[in-house]
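Here's the structure, in structure tokens; my notes come after.
A note on names: the letters A, B, ... follow the listed sequences, proteins ahead of strands, and every chain is numbered from 1.
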Protein chains: 2
Amino acid sequence: MQKSVLRPSVPSETAPLSAHDRVYRGLRQQIMHGELPPGHALTLRGIGKSFGVSMTPARESVRRLSAEGALTLSASGRVTTPELSNERIEELASIRALLEPELGSRALRRAHLALIDRMEVINDANARAVNRRDPVEYIRTNLEFHRTLYLRAQSPAMLGLLETVWLQLGPTMRALYTRLQRTTAPPHHRMILEALRAGDDAALRLALRTDVTQGLRHLQA
Amino acid sequence: MQKSVLRPSVPSETAPLSAHDRVYRGLRQQIMHGELPPGHALTLRGIGKSFGVSMTPARESVRRLSAEGALTLSASGRVTTPELSNERIEELASIRALLEPELGSRALRRAHLALIDRMEVINDANARAVNRRDPVEYIRTNLEFHRTLYLRAQSPAMLGLLETVWLQLGPTMRALYTRLQRTTAPPHHRMILEALRAGDDAALRLALRTDVTQGLRHLQA
DNA sequence: ATAGCTGAATTGTGATCACAAATCCCATGC
DNA sequence: GCATGGGATTTGTGATCACAATTCAGCTAT
């Protein structure tokens, strides 16, 4: 209807996001951070309305997200967040257990002190989210802790694949969190940080692997 | 791989494919099998015309495929097949080297003789494609050889991730093939089959890993 | 010859519409 | 009480359109 907003004025120039991109990013974040429970239904018109666009960008975003496994399309085209079977959860966990130690190991060679400091800050925020019993913030900081490390691996394809896995687990992680009311921060984060400081590859791989599998082991429905 | 439409009727019943699905599958196959060279440009209207649909389903397919890394969107929205850097190729190869031994190992426990026979048949077709110097058929049978094995692993998420990697490599594999005119079938396929017959997990992992890295090592531009 | 410029054609984007299928709701009947 | 049937509503699909941005061809000026 009205798309006349070309404002090159502001110096803090953010790239002119297309409508599709805004919707995609918004939905993706909601899903990955566990803001939507498993099985939550969405409609194209509803998505469009909530982002202030027509259904065309909404449809494209949904296609894209369902290609990444972040959304499920029923045979009739209905859109929901995925409800994962136990087998699927275990499989996704073992993929994480395969990829994350590899990414961590690659990052280790390039890690510096500033990186570890940054991870500590994020880990503190994570601990605070646990105390506040804030599931979304907990998931967000937890993933950011890992992503900050893996970004250092300079392996964008592998990180992209991993984020796909995180996406698929988003709604389930939320369900997990509310099921077992977590009271302590992830215990292995400290081990990860120590292995990084020590430059110990084997210890880092082990710490990452157990951090990943530990968290998802309790998911048995 | 995606919608499992339960059709209890005729076994040869093809599900009523939506226009979007037909376009998606068609394009995906062209890309994965190396029918398009790297950097090949596509247009939404052109895709629509060649599949007999409007640009709407074409656009959705392109979005989906670019989410999977099978297509690249320029900043202005132009669509091309990806031209991978050497670093990217190496990274994708190492992902294959990580995932494929794992899938093979999982399949090994469930493998039976009929499976190995089927793989031999595919491998023969692969050798014939080499003799005929048919790049598309070579790539197709090569991937089918691997997929036939991995299907047995009963790990759909992991296989899905791997197919994403294959997709990204499709156009590049075609360029590779035409660059070094292959004259012999992949030598490690025999080792894979023997390890399967022997039930030797370590040998299978090694054979798969070398088959994967060997094939892509020559890709240095 | 080559670099630069201008107008035409091409191309992606997002909105809207018609339509059919799926879903929901509620009254009816057992 | 519970299943059932039918009509209204919701919902996804695909086509089409207007529009802006990009791209390209051909011409001019140096």
Side-chain angles (χ1 to χ4, degrees), chain A residues 1-9 13-28 36 39-68 70-83, chain B residues 2-9 13-28 31 36 39-68 70-83:
Chain A
M1 231 185 276
Q2 67 305 338
K3 183 194 52 158
S4 53
V5 194
L6 279 196
R7 286 260 151 260
S9 52
E13 179 81 33
T14 54
L17 290 183
S18 67
H20 157 262
D21 249 14
R22 262 186 306 124
V23 176
Y24 170 75
R25 280 189 231 265
L27 275 180
R28 180 185 146 102
L36 306 175
H40 184 83
L42 296 169
T43 66
L44 297 184
R45 287 172 175 86
I47 293 167
K49 191 150 302 184
S50 82
F51 283 90
V53 298
S54 80
M55 42 191 313
T56 306
R59 218 182 341 169
E60 292 175 28
S61 303
V62 164
R63 285 266 186 244
R64 196 167 158 189
L65 287 164
S66 73
E68 297 173 345
L71 290 174
T72 302
L73 297 188
S74 81
S76 66
R78 248 49 180 223
V79 187
T80 57
T81 52
E83 298 184 275
Chain B
Q2 55 270 29
K3 280 187 223 179
S4 55
V5 182
L6 296 191
R7 278 264 150 261
S9 56
E13 175 89 28
T14 55
L17 290 182
S18 66
H20 157 263
D21 249 11
R22 262 185 305 124
V23 177
Y24 170 74
R25 280 191 233 264
L27 275 180
R28 180 186 146 100
I31 295 166
L36 306 176
H40 184 83
L42 297 169
T43 66
L44 297 184
R45 288 172 175 87
I47 294 168
K49 192 151 300 184
S50 81
F51 284 90
V53 298
S54 80
M55 41 191 312
T56 306
R59 215 182 342 169
E60 292 175 27
S61 304
V62 166
R63 285 263 185 245
R64 197 167 158 187
L65 287 165
S66 72
E68 296 173 344
L71 290 174
T72 302
L73 297 187
S74 82
S76 66
R78 249 50 179 217
V79 188
T80 57
T81 53
E83 298 183 277

> The side chain of B:Ser54 lies closest to which of these nucleotides: D:dT16, D:dT11, D:dA18?
Replying inline: D:dT16
> Quick one: which of D:dA15, D:dG12, D:dC17 gets closest to the side chain of B:Met55?
Replying inline: D:dC17
> Would you say C:dA22 has OP1 or OP2 under 4.0 Å from some side-chain N or O of A:Ser76?
Replying inline: no
>> Of the options D:dT13, C:dG14, C:dT13, whose atoms approach the side-chain atoms of B:Leu44 most closely?
In response: C:dT13
>> Could you walk me through whether B:Leu65 and B:Glu68 satisfy the side-chain contact (heavy atoms from CB on, under 4.5 Å) test, starting with their C-alpha distance in whole Å, then the side-chain angles of each, then the deciding distance to 0.1 Å, before giving a yes or no?
In response: CA-CA 5 Å; B:Leu65 287 165; B:Glu68 296 173 344; 3.8 Å; yes
>> Regarding A:Leu42, tell me which of base, sugar-phosphate or nothing describes its non-hydrogen contacts under 4.0 Å with the strands shown.
In response: sugar-phosphate
>> At less than 3.5 Å, do the side-chain atoms of B:Arg59 and the base atoms of D:dG14 form a donor-acceptor pair?
In response: no
> Can any side-chain N or O of A:Thr81 pair as donor or acceptor with the backbone N or O of A:Gly39 at less than 3.5 Å?
Replying inline: yes
> Which pair of non-hydrogen atoms, one from B:Arg64 and one from A:Ala67, has the smallest distance, and what is that distance?
Replying inline: CG-CB, 3.4 Å
> Does a nitrogen or oxygen in the side chain of B:Arg63 sit under 4.0 Å from OP1 or OP2 of C:dT13?
Replying inline: yes
> Does A:Thr56 or A:Arg78 map to a spot on DNA chain C nearer the 5' end, using the closest nucleotide for each?
Replying inline: A:Thr56
> So, for B:Ser54 and B:Pro57, which heavy atoms are closest and what is the spacing to 0.1 Å?
Replying inline: O-CD, 3.2 Å
>> So for the helix from C:dA1-D:dT30 to C:dC30-D:dG1, with five pairs setting each end axis, what is the inter-axis angle to 10°?
In response: 20°
>> B:Asp21 vs B:Arg28, test: salt bridge (charged side-chain N to carboxylate O under 4.0 Å, His left out). Steps then yes/no.
In response: CA-CA 10 Å; B:Asp21 249 11; B:Arg28 180 186 146 100; over 6 Å; no
> Given A:Val62 and A:Leu42, is the side-chain contact (heavy atoms from CB on, under 4.5 Å) satisfied, shown in steps?
Replying inline: CA-CA 10 Å; A:Val62 164; A:Leu42 296 169; over 6 Å; no
